[in-house]
S.K.: 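Let me begin by handing over the structure; questions about it come next.
Just so it is clear, the model here is predicted, and its values are computed rather than measured. Along the sequence shown, residues carry numbers from 1.
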Amino acid sequence: MTLKQALISGCALALLSVEAKAQEQGAAAPQPEAPQPAATVAPAATPANMRKISGKVLDALTNDGLPLTRVIIKGTTKGVETELDGSFSLDIPKGPVTLLFSSQDHKDREVVVGANRDTVTVSLDATFVEEMVVVGRASELARKHLANSVASVNNEDLNRAPASTVDQALQGKVAGANIQSNSGAPGGGMQLRLRGVSTVNGSSAVLYVVDGVLISDVAIASGVYQLTESVRGSNPSATQDNQVNRIADLNPNDIESIEVLKGASAAAIYGSKASNGVVIITTKKGKAGAPRVDVTQRVGMYALSNTLGSRPFTSREDVVARYGESVAAQYWTGKTFNQEALLAGRRDISYETLASVSGTSGDTRYFASAQVRDDKGIIQNTGYQKQSFRLNLGQKLGSDLEVNASANLVHTLGNRGLTNNDNTNITYYMALASTPSFVDLNANSAGVFPANPFVSSKANPLQTAALMTNDEDVWRLLGSADAVWNAYKSETQSFKVLANLGVDRFQQQNKIFSPSTLAFELPLDGLPGTSLLGSSEVLNINTGVNLVHNYKPAGGAVNATTSAGFQYEQSGVDSLYVRSSGQIADQQNVSSGTQLSVRQNRQLVRDRGFYLQEEMLLLNEHLTLVGAVRGEQSSANGDPNQLFFFPKLATAYRFEPFHPAINEFKVRLAYGETGNRPTYGQNYRSLSSINNIEGLPAILGTGVAGSPDIRPERQREFELGLDTMLFNGNAVVELTLYQRNIYDLLLPRTIPGSTGFTTEYANGGEMFNRGVEAMLQVTPVRTTDWEWTSNTTFTLNRSQVTSLPEGDVPIPVFGTSLGEFRLQEGASATQIVGDVVENGKSVLKKIGDTEPAFRMGFTNTVKYRDFSLSFLLDWQQGSDVINLTRFLYDANKNSVDYVARGAQRQKDWLTNAAVYVEDASFLKLREVTFSYNLPQSLLAKAPVVKSARFNISGRNLLVFTNYSGLDPEVSNFGNHPIARNVDVAPFPPSRSFWTSLDVGF
């Protein structure tokens, strides 16, 4: 039995055991008295003027049955309450009848039942004003009282179409968020930016909090840069390995809701880890009622969605004109080959199996789930596999104490292939850029691939894909525990104590093997075969204690919640890389090589913090006032004992409805401060041990001095907003204006060489972001049979650098002749600059900007009885990409339009770097799903089945863009804060198609 099979079997057994135990306890334990349906004494036979109707009431978001929903015949007091599964049966008069449906926490609804209908299924929407949103470490407010902009995404919106990762599932659904993939590689690699650029040399990662656990989203390099030598020259950091940010490990189907704290006023309570925003993820918990089992089976396929093409050769004369007679004599056969389709044309079957069981048994609440996913990549030896098992438990210990525990075991295996920039010309598209279409790269009948004579390394991309492996194997355990003690409660006051502990532990192992049979192996270093082994261990721990006091005197004039707490947080990374060359007999063990090199990187940061927060609802809950301050110490600062404070203030006022169409109207104003702590090592003198002096090992300084005064970057933000609900909830509008000023930027500065160093990181420099966010949700059609819901998001952001004490700050890419990034006072923080010849002189000027003019998302769901169709359009207008893949094809005279335009581009480029900077505007059909809920009449034949739904879905099916590259969403430098939108030989994009069956028992 393989490890994967054992994990799948273990998950299945665990789910079955939990289900069996719950049913046994449910049968054996005395049950509390449950509310009974309203008594309706039915006559022995239905009177002649009456008829019987049956139906079911569902939650519109979860599609679960709603128990204890009141169903009343309009104009009478006659009615019933639904059963635990949401079903009901009622005698009604003949002819058309209007039924009234009402349920706690859901909107009332009227439904007209025609004279010829005897069944009805009704969906009720959750009440908008009752949605609770987290506003602190241990407190929450109803959305109607919020004084900040907080975006929420529920389970249905998140998982409408299958997605490999959580951030992929969020694309196009959050106003203020710019979420882009770095490449088309399976298994993730995404960038989430909230409200523009927030740092230059600090961390750009969003803080993710899952069930109270501050989890790691670190992107660890695979080490393939040691093979591609991509870190040579002006790019010494290992950010070109097409890394995966580890939020990809989470199972999107386990998530109940996501709250995105975009601004400093909302995120200040998280201090120096919140400058890039906070994403709070809540996973599913057991619900009251009988045990419920849900099983989903999906089958799908990935297919190449775009190609670059290459220079067409239609005759021998064309080949002679480009390459000469000798090449034509040796390689021209009259045939041409679609090299990209041969490389990335795989369409193997992918699948995903999901299973969950949830419910309550006595005072125990439980949710358990299992996931097995296998995505087949479009290139040979690429793909993504995930196995996940989650168990969430909640237990009441008497009336005043409740404990919760959660554990999530995840295993992922990503086969990443060989892409992105390299200085050895071995990655797929680096080699294809110079390979003419008339060369046959296929293996012969003996399975032997030819060397590629048109590449300096001799790399054959088809051979590389078939024989080389680049695997990233991750085992991860997320665990959390919390306890809530209701220490005191009276009619006007309550006091509770909350304690939590969270652990995030994972091990990432990267195995890269390049056998000696690869054509590029000997030309690369003269040694046959290369083996790379990277092993990284990451451990995050956070714990805290929170005190919460609520005071609500009779009359409702004031409702005050005071909370305070202390937190300890620790994060550590330990990475070890071993490179072995000259593998004896092509053995993969690194100990089998003739030359070995070792690198290790260790980091450990400890933070301590406390906070005090006050929330007040005044004037009969029309006025909201929120104030808080967090104090924090961190070992990453120059002085680890210095306290840094992060305050926030916010207020909102709900006006009385001043028009019949207006149900809610609220204005809000907020101010907050967050920080971005120094990166590990900026307070230490950096040393390098990969040196020697006269053949002896030596530790030498890198020239970078540690700064004893280094401190967090600071961010101050003002936010003004308007929220309104119209037409009984059929229209919801949210509008937010913001400006955030970022100062004390972490920037390098030059210091006198007499100190023994050349560079030091210090705080200095300022910039700001200002922008607009808007959300409009409307339900223009809502009838018995039809319902149409539409949601539109809008995001606009502009940045500007206002102060640079040390002058311009270059952010090198590949030189100003091709375009690079540079911070300049008065300019956008995301500008691209390059060399342009004007009046006979070369000048450095702005030639582009990666910041979009705006982004919009359009989500629509149309339902007709048991059918539904939903789709998501994601529109980016503006933003520029440095298209160096096109430059490579042009430089090799191999671009598809070289004769018509490519040769002229190469000529123009000599005097204008903007030639290879292109507009990245696009409109993508991100998601489309067609669903059919099997009718209750059919399910009644199998009483054990409570619900069943059939889905057909697609992701990234259509792309409309003028960008000439593979995909306008691209980043050769991964999650770099500034150096984004650089296209250098990426993994090609794909579209996916899925069919799935969801069954509830």
Side-chain angles (χ1 to χ4, degrees), residues 185 222-230 241-242 330-331 337 339-346 348 376-383 413-420 422-436 438-473 509-534 577-597 985 987:
S222 65
V224 74
Y225 65 88
Q226 298 184 58
L227 193 65
T228 63
E229 299 184 16
S230 61
D241 281 10
N242 198 13
Q330 186 173 0
Y331 295 103
F337 303 88
Q339 312 286 16
E340 291 176 272
L342 292 172
L343 172 70
R346 190 169 73 152
D348 289 1
K376 301 296 186 182
I378 56 176
I379 296 177
Q380 189 174 357
N381 276 329
T382 66
L413 177 62
N415 314 117
R416 304 290 290 174
L418 190 62
T419 57
N420 280 26
D422 79 276
N423 286 309
T424 54
N425 289 322
I426 62 174
T427 61
Y428 304 140
Y429 274 86
M430 291 290 285
L432 285 178
S434 60
T435 304
F438 57 80
V439 176
D440 186 0
L441 298 178
N442 289 291
N444 61 23
S445 57
V448 178
F449 290 89
N452 188 346
F454 295 90
V455 184
S456 59
S457 65
K458 307 301 180 184
N460 179 338
L462 304 186
Q463 183 193 43
T464 303
L467 303 182
M468 183 181 168
T469 57
N470 179 7
D471 297 341
E472 186 164 283
D473 199 338
Q509 188 175 76
N510 293 92
K511 292 182 179 180
I512 302 168
F513 182 64
S514 174
S516 62
T517 49
L518 285 175
F520 64 75
E521 260 301 320
L522 279 176
L524 190 64
D525 56 9
L527 297 171
T530 303
S531 184
L532 295 169
L533 176 63
Y577 296 93
V578 181
R579 174 182 176 172
S580 174
S581 300
Q583 300 304 108
I584 300 173
D586 265 348
Q587 294 296 301
Q588 296 191 26
N589 291 350
V590 290
S591 60
S592 299
T594 57
Q595 288 189 9
L596 277 76
S597 62
F987 197 106

S.K.: Go through the structure and list residues passing side chain to side chain donor-acceptor pair (under 3.5 Å) with T424, not counting sequence neighbours.
M.R.: D422
S.K.: Does Y577 have any ring pair (Phe, Tyr, Trp, His ring centres under 6.0 Å) partners at least two apart in sequence or in another chain, and if so, which?
M.R.: none
S.K.: For the pair N470 (side chain) and G417 (backbone), establish whether a donor and an acceptor sit closer than 3.5 Å, ignoring hydrogens and angles.
M.R.: yes
S.K.: Are the side chains of P436 and Y331 in touch, meaning some heavy atoms are under 4.5 Å apart?
M.R.: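 No, too far: nothing below the 4.5 Å cut-off.
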S.K.: Can you name the residues that form a side chain to side chain donor-acceptor pair (under 3.5 Å) with E340, not counting sequence neighbours?
M.R.: Y429
S.K.: Are T517 and F449 close enough, and set up right, to give a side-chain contact (heavy atoms from CB on, under 4.5 Å), and what steps lead you there?
M.R.: CA-CA 9 Å; T517 49; F449 290 89; over 6 Å; no
S.K.: Using side-chain contact (heavy atoms from CB on, under 4.5 Å), reason through Q463 and L518 one step at a time and then give a plain yes or no.
M.R.: CA-CA 7 Å; Q463 183 193 43; L518 285 175; 3.7 Å; yes
S.K.: Using the test salt bridge (Lys or Arg N to Asp or Glu O under 4.0 Å), find all partners of K458 that sit at least two apart in sequence or belong to another chain.
M.R.: none
S.K.: Roughly how far, to the nearest 0.5 Å, is the CD atom of Q595 from the CZ atom of R579?
M.R.: 8.5 Å
S.K.: With distance as the sole test, does D241 use its side chain to make a donor-acceptor pair with the main-chain N or O of G223 at under 3.5 Å?
M.R.: yes
S.K.: List the residues meeting side chain to side chain donor-acceptor pair (under 3.5 Å) with Q339, not counting sequence neighbours, and say none if there are none.
M.R.: none
S.K.: Holding to side chain to side chain contact (heavy atoms under 4.5 Å, CB included), I want the full list of residues that pass it with T469, two or more places apart in sequence or in another chain.
M.R.: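 Applying side chain to side chain contact (heavy atoms under 4.5 Å, CB included) to T469 gives D471, F513.
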S.K.: Using the test side chain to side chain donor-acceptor pair (under 3.5 Å), find all partners of N452 that sit at least two apart in sequence or belong to another chain.
M.R.: T435
S.K.: Indicate yes or no for a side-chain donor-acceptor contact from S597 to the backbone of V578 under 3.5 Å, with no hydrogens or angles considered.
M.R.: no
S.K.: State, to 0.1 Å, how close M430 and N420 come at their nearest heavy-atom pair, and which atoms those are.
M.R.: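 Looks like CG-O, 4.0 Å.
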S.K.: Out of curiosity, N442 CG to S445 OG, how far, rounded to the nearest 0.5 Å?
M.R.: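 With rounding to 0.5 Å, CG (N442) is 12.0 Å from OG (S445).
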S.K.: Quick one: CZ on R416 to CG on N510, what's the gap to the nearest 0.5 Å?
M.R.: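 The CZ atom of R416 sits 10.0 Å away from the CG atom of N510.
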S.K.: List in chain and number order the residues that pass side chain to side chain contact (heavy atoms under 4.5 Å, CB included) with S457, two or more places apart in sequence or in another chain; answer none if no residue qualifies.
M.R.: N425, I426, V455, A459, F520
S.K.: Would you give the length of the straight line joining atom CD1 of I512 to atom CD of E472, rounded to the nearest 0.5 angstrom?
M.R.: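 Output value for this atom pair is 9.0 Å.
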S.K.: Donor-acceptor check, side chain of S580 to backbone of S591, threshold 3.5 angstrom: yes or no?
M.R.: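 Here the side-chain-to-backbone pair does not exist.
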S.K.: Are the side chain of D473 and the backbone N or O of L413 linked by a donor-acceptor pair below 3.5 Å?
M.R.: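 Looks like no, no N/O pair under 3.5 Å.
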S.K.: Drop me the distance from L418's CG to T464's OG1, to the nearest 0.5 angstrom.
M.R.: 6.5 Å
S.K.: Extract all donor-acceptor atom pairs below 3.5 Å that involve side chains of residues 522-531 and protein atoms in other chains or at least two apart in sequence.
M.R.:
unit_1, atom_1, unit_2, atom_2, d
D525, OD1, L527, N, 2.9
T530, OG1, E521, OE1, 3.3
T530, OG1, E521, OE2, 3.1
S531, OG, Q588, O, 2.6

S.K.: Drop me the distance from L462's CG to I379's CD1, to the nearest 0.5 angstrom.
M.R.: 10.0 Å
S.K.: Treating Q226 as the side-chain partner and L532 as the backbone partner, does any N or O pair qualify as donor plus acceptor under 3.5 Å?
M.R.: no
S.K.: Which residues satisfy the side chain to side chain contact (heavy atoms under 4.5 Å, CB included) test with L533, sequence neighbours excluded?
M.R.: Q509, K511, V590
S.K.: Mind checking what makes side chain to side chain contact (heavy atoms under 4.5 Å, CB included) contact with Q330, not counting sequence neighbours?
M.R.: none
S.K.: Which atom pair, heavy atoms only, marks the closest approach of A985 to T427?
M.R.: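 Where A985 meets T427 most closely, the heavy atoms are CB-OG1, 4.2 Å.
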S.K.: Just to verify, what does D440 make a salt bridge (Lys or Arg N to Asp or Glu O under 4.0 Å) with, not counting sequence neighbours?
M.R.: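 None.
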